[in-house]
> 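One structure coming up, written as structure tokens, with questions to follow.
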Amino acid sequence: MNTDFIEALSEIEREKGISKELLIDAIEAAMISSYKRNFNTAQNVRVDINRHTGLIKVYARKTVTEEVLDPRLEISLHASREINPNYQLEDIVEIEVTPRDFGRIAAQTAKQVVTQRIREAERGLIYNAFIDKEEDIVTGILQRQDQRNIYVDLGKVEAVLPLTELMPTDKFKQGDRIKAYITKVENTTKGPQIILSRTHPGLLKRLFELEVPEIFDGVVEIRSVAREAGFRSKIAVHSRNAEVDPVGSCVGPKGLRVQTIVSELRGEKIDIVRWMESVEEYVANALSPSKVLEVQIHENEKMARVIVPDYQLSLAIGIKGQNARLAAKLTGWKIDIKSETQAEQEYGRVKTYSEEMHQDSVSVD
């Protein structure tokens, strides 16, 4: 090694952000192993690389003892004082043992260490860049696909989109641009592993945050999301400003904002409902687009019994119970839906809700 090598390490430090000192320390440690392996010795040695000239020296380290039992590890007091009269028992004496042909081995070892450290540093930079994007949306190019996963090129790294995380309506081919939600970023021995999803509720939430300025600015907040990816979703929103309509903000002028999101989600239906502090009103809104006559709250069971007009029963329940199921996920309450006739037969008179309750939600196909 020479000054060119030291200059190369300095260049790596500037370009890759890897400390030259740490690189040299790692090279010295690796050379100790190389020395012992190539010269078949059990000596306790130290490798020193001159930080200015790149000159390499190997030193055997021996402990000063009265009686030498292992000459590879020990040196007598008499012999040590021939080197330096100030040595005492238990001191460590270093004797240069640099082999003549050690330069070739050293160069090979240094190359391996530097390459490995650069690879590790680059992986670390990628990991740090993407760990901050966990629970965020990224866009990449579909590179390839196997029986279990789609592999998406994100520029510096290839992410994994499991086929189980695709929406039923998703149809992609090689070269297509894919927008997905990062669910997990892991630092593995093979480098950063990024897991994507198109079905996660977080994808819908982030799309609204990116599309609706009032949400991005914090004026309107998303309180809850319930999703059956590719089919239907419900999102509950609340405004911190009484003059700002949270549902209208999400819908946008002529429905453009929500339609952009619907298009990205391949036609997934989205119900935007107003979050209410009153559980009764919130549950009623969550069952949009059906109308609700009455909501009876049972706190102990965390259950809401909902009464709807007879002609609205199937709409309230939804196809295969989807509307009721999503409303329950959105509110966190169990929901038992009864028609007006069923309720009158079981409980007697039904109190009718005002029409105002049904103006706090919107359904978008």
> Under 3.5 Å, is there a donor-acceptor pair between the side chain of Glu94 and the main chain of Tyr59?
no
> Per the side-chain contact (heavy atoms from CB on, under 4.5 Å) rule, which among Val237, Val273, Val251, Ile272 passes with Pro246?
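So, applying the side-chain contact (heavy atoms from CB on, under 4.5 Å) to Pro246 and each of Val237, Val273, Val251, Ile272, only Val237 qualifies.
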> Taking only residues two or more places apart in sequence or in another chain, which ones pass side-chain hydrogen bond (donor to acceptor under 3.5 Å, both in side chains) with Ser76?
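Partners of Ser76 under the side-chain hydrogen bond (donor to acceptor under 3.5 Å, both in side chains) test: none.
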> Checking Thr115 now: which residues fulfil side chain to side chain contact (heavy atoms under 4.5 Å, CB included) with it, not counting sequence neighbours?
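In terms of side chain to side chain contact (heavy atoms under 4.5 Å, CB included), with neighbours along the sequence ignored, Thr115 is linked to Lys111, Arg119.
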> Output yes when a side-chain donor or acceptor of Ser224 lies under 3.5 Å from a complementary backbone atom of Leu330, and no otherwise.
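Yes; judged by distance alone, with no hydrogens or angles, the pair exists.
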> If a pair satisfies ring pair (Phe, Tyr, Trp, His ring centres under 6.0 Å) and one of its residues is in residues 307-328, list it, with sequence neighbours excluded.
none
> What are the two closest heavy atoms between Leu142 and Phe172, and how far apart are they?
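Distance-wise, the nearest heavy atoms are CD1-CB, 3.6 Å.
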> Taking only Lys NZ, Arg NE, NH1 and NH2, and the carboxylate oxygens of Asp or Glu, determine whether Asp170 and Arg198 approach each other closer than 4.0 Å.
yes
> Has Lys205 got more than 12 heavy atoms of other residues, nucleotides or ligands less than 6.0 Å from its NZ?
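No, NZ of Lys205 has 12 or fewer neighbouring heavy atoms, counting only those of other groups under 6.0 Å.
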> Are Val262 and Ile270 close enough, and set up right, to give a side chain to side chain contact (heavy atoms under 4.5 Å, CB included), and what steps lead you there?
CA-CA 7 Å; Val262 169; Ile270 302 173; 3.8 Å; yes
> I'd like to check the side chain to side chain contact (heavy atoms under 4.5 Å, CB included) partners of Arg148; sequence neighbours left out, ordered by chain and number.
Asp146
> What is the distance from atom CD of Glu74 to atom CD of Glu66, rounded to the nearest 0.5 Å?
11.5 Å
> In sequence, state the C-alpha distance, the side-chain angles, and the governing distance for Glu209 and Arg206, and then conclude on salt bridge (charged side-chain N to carboxylate O under 4.0 Å, His left out).
CA-CA 5 Å; Glu209 289 171 347; Arg206 287 294 291 133; 2.6 Å; yes
> Looking at Ala226 and Lys329, what are the two nearest heavy atoms and their distance?
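It is CB-CB, 3.7 Å.
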> Begin with the C-alpha distance, continue with both residues' side-chain angles, and end with the deciding distance and a verdict on side chain to side chain contact (heavy atoms under 4.5 Å, CB included) for Val306 and Val308.
CA-CA 7 Å; Val306 178; Val308 299; 4.0 Å; yes
> Could you pull out every donor-acceptor pair under 3.5 Å between side chains of residues 175-184 and any protein atom, sequence neighbours left out?
residue : atom : partner : partner atom : Å
Asp176  : OD1  : Lys173  : NZ           : 3.4
Asp176  : OD2  : Lys173  : N            : 2.8
Thr183  : OG1  : Ile195  : O            : 3.2

> Tell me, with the steps shown, if Glu67 and Thr65 meet side chain to side chain donor-acceptor pair (under 3.5 Å).
CA-CA 5 Å; Glu67 182 181 0; Thr65 60; over 6 Å; no
> What's the verdict on side chain to side chain donor-acceptor pair (under 3.5 Å) for Gln193 and Thr188, showing C-alpha distance, side-chain angles and the deciding distance?
CA-CA 7 Å; Gln193 185 176 52; Thr188 69; 5.7 Å; no
> Do Asp310 and Thr341 meet the criterion of a side-chain donor-acceptor pair at a distance under 3.5 Å?
yes
> Can a donor-acceptor pair be found, under 3.5 Å and without considering hydrogens, that links the side chain of Ser290 to the backbone of Leu287?
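It does hold such a pair.
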> Do Gln112 and Gln116 get their side chains close enough for a donor-acceptor pair, meaning under 3.5 Å?
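No donor-acceptor contact under 3.5 Å links the two side chains.
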> Kindly indicate, with the supporting measurements, whether the criterion salt bridge (charged side-chain N to carboxylate O under 4.0 Å, His left out) is fulfilled by Lys334 and Asp336.
CA-CA 7 Å; Lys334 296 177 184 177; Asp336 179 28; over 6 Å; no
> Provide the closest heavy-atom pair for Leu154 versus Thr139 in the form atom of the first, atom of the second, distance.
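Minimum heavy-atom separation between Leu154 and Thr139: CD2-O, 3.9 Å.
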> Which ILVMFWY residues are connected to Val64, directly or by a chain of links, through side-chain heavy atoms under 4.5 Å apart?
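So far as hydrophobic clustering goes, Val64 is joined with Ile75, Leu77, Ile83, Tyr87, Leu89, Val93, Ile95.
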> Please check if the number of heavy atoms outside Lys302 that lie under 6.0 Å from its NZ is greater than 12.
yes
> Does a side chain donor of either Gln174 or Gln145 reach within less than 3.5 Å of an acceptor in the other side chain?
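Not at all, the side chains of Gln174 and Gln145 share no donor-acceptor pair under 3.5 Å.
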> Taking Arg232's backbone N and O only, do any of them form a donor-acceptor pair with Arg227's side chain (distance below 3.5 Å, no angle check)?
no
> Does Asn241 have any side-chain hydrogen bond (donor to acceptor under 3.5 Å, both in side chains) partners at least two apart in sequence or in another chain, and if so, which?
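Residues passing side-chain hydrogen bond (donor to acceptor under 3.5 Å, both in side chains) with Asn241: none at all.
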> Taking only residues two or more places apart in sequence, or in another chain, which ones meet Glu96 in a side-chain hydrogen bond (donor to acceptor under 3.5 Å, both in side chains)?
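Glu96 satisfies side-chain hydrogen bond (donor to acceptor under 3.5 Å, both in side chains) with Thr98 only.
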> Working to the nearest 0.5 angstrom, can you tell me the gap between Leu73 CG and Arg61 CZ?
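The CG atom of Leu73 sits 11.5 Å away from the CZ atom of Arg61.
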> Under the ring pair (Phe, Tyr, Trp, His ring centres under 6.0 Å) rule, collect the residues that match up with His238, sequence neighbours excluded.
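Partners of His238 under the ring pair (Phe, Tyr, Trp, His ring centres under 6.0 Å) test: Trp275.
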> Please check if any side-chain donor atom of Glu21 sits under 3.5 Å from a side-chain acceptor atom of Ser19, or the reverse.
no
> Strictly distance-based, threshold 3.5 Å: is any side-chain N or O of Ser239 a donor or acceptor partner for the main-chain N or O of Ala242?
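The answer is no, because no donor-acceptor pair under 3.5 Å joins these two groups.
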> For residues 22-33, which residue pairs qualify under side-chain hydrogen bond (donor to acceptor under 3.5 Å, both in side chains), counting only residues two or more places apart or in two chains?
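For residues 22-33: Asp25-Arg51, Glu28-Arg51.
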> Looking only at heavy atoms, what is the nearest atom pair of Arg257 and Pro253, with distance?
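Shortest heavy-atom separation between Arg257 and Pro253 comes out as NE-CD, 4.1 Å.
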> Taking only residues two or more places apart in sequence or in another chain, which ones pass side chain to side chain contact (heavy atoms under 4.5 Å, CB included) with Glu299?
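Counting only residues at least two positions away or on another chain, Glu299 forms a side chain to side chain contact (heavy atoms under 4.5 Å, CB included) with Ile297, Trp333.
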> Is there a donor-acceptor contact under 3.5 Å from the side chain of Arg325 to the main chain of Lys320?
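Yes; judged by distance alone, with no hydrogens or angles, the pair exists.
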> For the residue pair Ser233 and Glu268, confirm or rule out a side-chain donor-acceptor distance under 3.5 Å.
yes
> For Gln88, is there any backbone N or O sitting under 3.5 Å from a side-chain donor or acceptor partner on Asp91?
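Present.
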> Going hydrophobic residue to hydrophobic residue with side-chain gaps under 4.5 angstrom, can you get from Ile131 over to Val152?
yes
> Look only at the side chain of Asn84 and the backbone of Arg81, and say whether a donor-acceptor pair between them is shorter than 3.5 Å.
no
> What residues, two or more places apart in sequence or in another chain, satisfy side-chain hydrogen bond (donor to acceptor under 3.5 Å, both in side chains) together with Arg240?
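Partners of Arg240 under the side-chain hydrogen bond (donor to acceptor under 3.5 Å, both in side chains) test: Glu221.
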> Could you walk me through whether Val212 and Val220 satisfy the side chain to side chain contact (heavy atoms under 4.5 Å, CB included) test, starting with their C-alpha distance in whole Å, then the side-chain angles of each, then the deciding distance to 0.1 Å, before giving a yes or no?
CA-CA 9 Å; Val212 181; Val220 173; 5.7 Å; no
> Quick check: does any side chain N or O of Glu13 sit under 3.5 Å from a backbone N or O of Leu9, one acting as donor and the other as acceptor?
no
> Side chains of Lys234 and Asn323: do they bring a donor and an acceptor to under 3.5 Å?
yes
> Under the 3.5 angstrom rule, does the side chain of Gln342 hit a backbone N or O of Ser339 as a donor-acceptor pair?
yes
> Look up atom CD1 in Ile194 and atom CG in Leu196, then write down how far apart they are to the nearest 0.5 Å.
7.5 Å
> What's the verdict on side chain to side chain contact (heavy atoms under 4.5 Å, CB included) for Arg144 and Tyr151, showing C-alpha distance, side-chain angles and the deciding distance?
CA-CA 5 Å; Arg144 56 193 174 90; Tyr151 299 91; 3.5 Å; yes
